[in-house]
Amino acid sequence: MAEITAALVRELREKTGAGMMDCKKALTEAAADMEAAIDWLRTKGLSQAAKKSGRTTAEGLVGVVSGPNRAAMVEVNAETDFVGRNEAFQAFVEQVAQVALEVGEDLEAIKAAKVPSGRTVADELTHLIATIGENMSIRRARVLSVESGVVASYVHSALRPGIGKIGVLAALQAPSESDALLTLGRQIGMHVAATRPAALDVASVDPESLERERTVLIEQARDSGKPEAIIEKMVEGRIRKFYEEVVLLEQVWVLDGESRVAKVVEKSGAKLVGFERFQLGEGIEKEENDFAAEVAAAAGTK
């Protein structure tokens, strides 16, 4: 029997898009015959993943998982909303989030890590693509941690614990963890899910965004015909309003409609040191499919 080398496995993987372990098994079954191994993968439905890799993935799920002083959040995309209700896909998202909690937010490190099946995350993803029949991708991951305190998580309209379409992490630094602090963290998560802040504090606002806003406000103020000294005061007032809209600590607390988030956190004795919000598919340009054209093409009339 011919030796099954790493180069042979890699070649089969490049030709079929199947997972590394599946390629090795195929070569073993086919006695290292490349064409026979390709046929074996085809019969198992494992060589189709590569063909699906060009399809747009804007659906899927966001998953979060927490550990001591640490939490992770991931977004895993698929082609259709239907896949998000698939239990195998949901379980995979949970596994990816758990891996991120352990190895960090670098996607390559996540893909190289092992899951309970014994496959790497990348190979498990390829296997899932072949099984379910849709393209999928691990889009992003975020891990927040504190030396002491809590990193709370919140999932809006969760399909099951830790799985949904909008997820938030909130990191609160404090002398110790407490139920009250965890509750506050989850409330902050709910607030962030609703208000979509762009920055934690004023110092964290993107300079380009601020300058763009200031330029627009100056032009608007000048249209009023008022003197430059008045315009300057008008612009500064509107910049403060801008901060109230995009800076988390400057926003009005959604739970009472009065307090500033900064004051709410201050009363708890903790310090809010970070947050992250993932909304499924944000920033992905979805393809607009012409269903009639697809049907016509399939019927051979176009």
Side-chain angles (χ1 to χ4, degrees), residues 17-19 45-66 71-101 105 107 110-111 115-117 119 121-143 153-169 186 189-198 275-299:
L46 298 174
S47 65
Q48 300 303 309
K51 294 182 181 178
K52 299 179 175 73
S53 64
R55 300 180 188 169
T56 301
T57 55
E59 298 294 341
L61 289 170
V62 171
V64 302
V65 65
S66 300
M73 180 165 59
V74 300
E75 179 182 350
V76 183
N77 297 130
E79 293 178 60
T80 66
D81 179 69
F82 178 76
V83 171
R85 299 190 292 273
N86 182 290
E87 290 189 1
F89 181 75
Q90 292 178 5
F92 177 71
V93 175
E94 290 173 340
Q95 290 175 354
V96 175
Q98 183 62 46
V99 167
L101 186 69
E105 58 192 43
L107 291 185
I110 290 171
K111 291 175 183 177
V115 290
S117 67
R119 300 184 181 97
V121 170
D123 285 347
E124 188 73 9
L125 178 63
T126 301
H127 179 78
L128 199 61
I129 291 169
T131 302
I132 294 178
E134 283 196 15
N135 188 27
M136 301 171 199
S137 62
I138 301 169
R139 184 186 182 200
R140 52 182 171 165
R142 188 77 169 98
V143 178
S153 62
Y154 170 77
V155 176
H156 184 67
S157 299
L159 294 177
R160 66 197 225 187
I163 295 287
K165 294 191 175 184
I166 299 177
V168 180
L169 302 181
R186 287 174 178 158
M190 189 183 304
H191 173 101
V192 170
T195 63
R196 305 179 66 164
F275 78 93
E276 190 67 53
R277 181 187 189 275
F278 280 4
Q279 180 165 340
L280 180 67
E282 59 188 348
I284 298 176
E285 187 175 344
K286 296 184 181 181
E287 293 180 349
E288 296 295 331
N289 294 323
D290 185 337
F291 183 68
E294 287 184 10
V295 172

Determine yes or no for a side-chain-to-main-chain donor-acceptor pair under 3.5 angstrom, with E276 supplying the side chain and V143 the backbone. no

Thinking salt bridges, do E282 and R139 make one under a 4.0 Å N-O criterion? no

Determine the minimum heavy-atom distance between I163 and G63, stating which atoms define it. CD1-CA, 4.0 Å

Flag side-chain contact, heavy atom, 4.5 Å: V155 against V62: no

For residues A193 and Y154, report the shortest heavy-atom separation together with the two atoms involved. CB-CE2, 3.7 Å

I'd like to check E134 versus E59 (side-chain heavy atoms, cut-off strictly below 4.5 Å). Are they in contact? no

Could you pull out the closest heavy-atom pair between A72 and L101, with the gap in Å? CB-N, 3.6 Å

Any idea which heavy atoms bring F92 and V76 closest together, and the distance? CE2-CG1, 4.1 Å

For Q279 and K165, indicate whether the former's side chain and the latter's backbone hold a donor-acceptor pair under 3.5 Å. no

Q95 side, atom CD; E124 side, atom CD - distance, nearest 0.5 Å: 6.0 Å

Taking all non-hydrogen atoms of both residues, which atom of I132 and which atom of F89 are closest, and how far apart? CD1-CB, 4.2 Å

Residues in ring-ring contact (aromatic ring centres under 6.0 Å, His included) with H191, at least two apart? W253

Here the gap from R140 atom CZ to E105 atom CD, rounded to the nearest 0.5 Å, amounts to 12.0 Å

Residue pair S137 / L125: nearest heavy atoms and the distance that separates them: CA-CD2, 4.3 Å

Contacts of type side-chain contact (heavy atoms from CB on, under 4.5 Å), residue V192, not counting sequence neighbours: V168, I188, P197, L248, F275, R277

Between CD1 on residue I166 and CG on residue L61, distance to nearest 0.5 Å: 12.5 Å

When you compare the side chain of M136 with that of V93, does any pair of heavy atoms fall below 4.5 Å? no

Indicate yes or no: at least one non-hydrogen side-chain atom of I129 is less than 4.5 angstrom from one of N135. yes

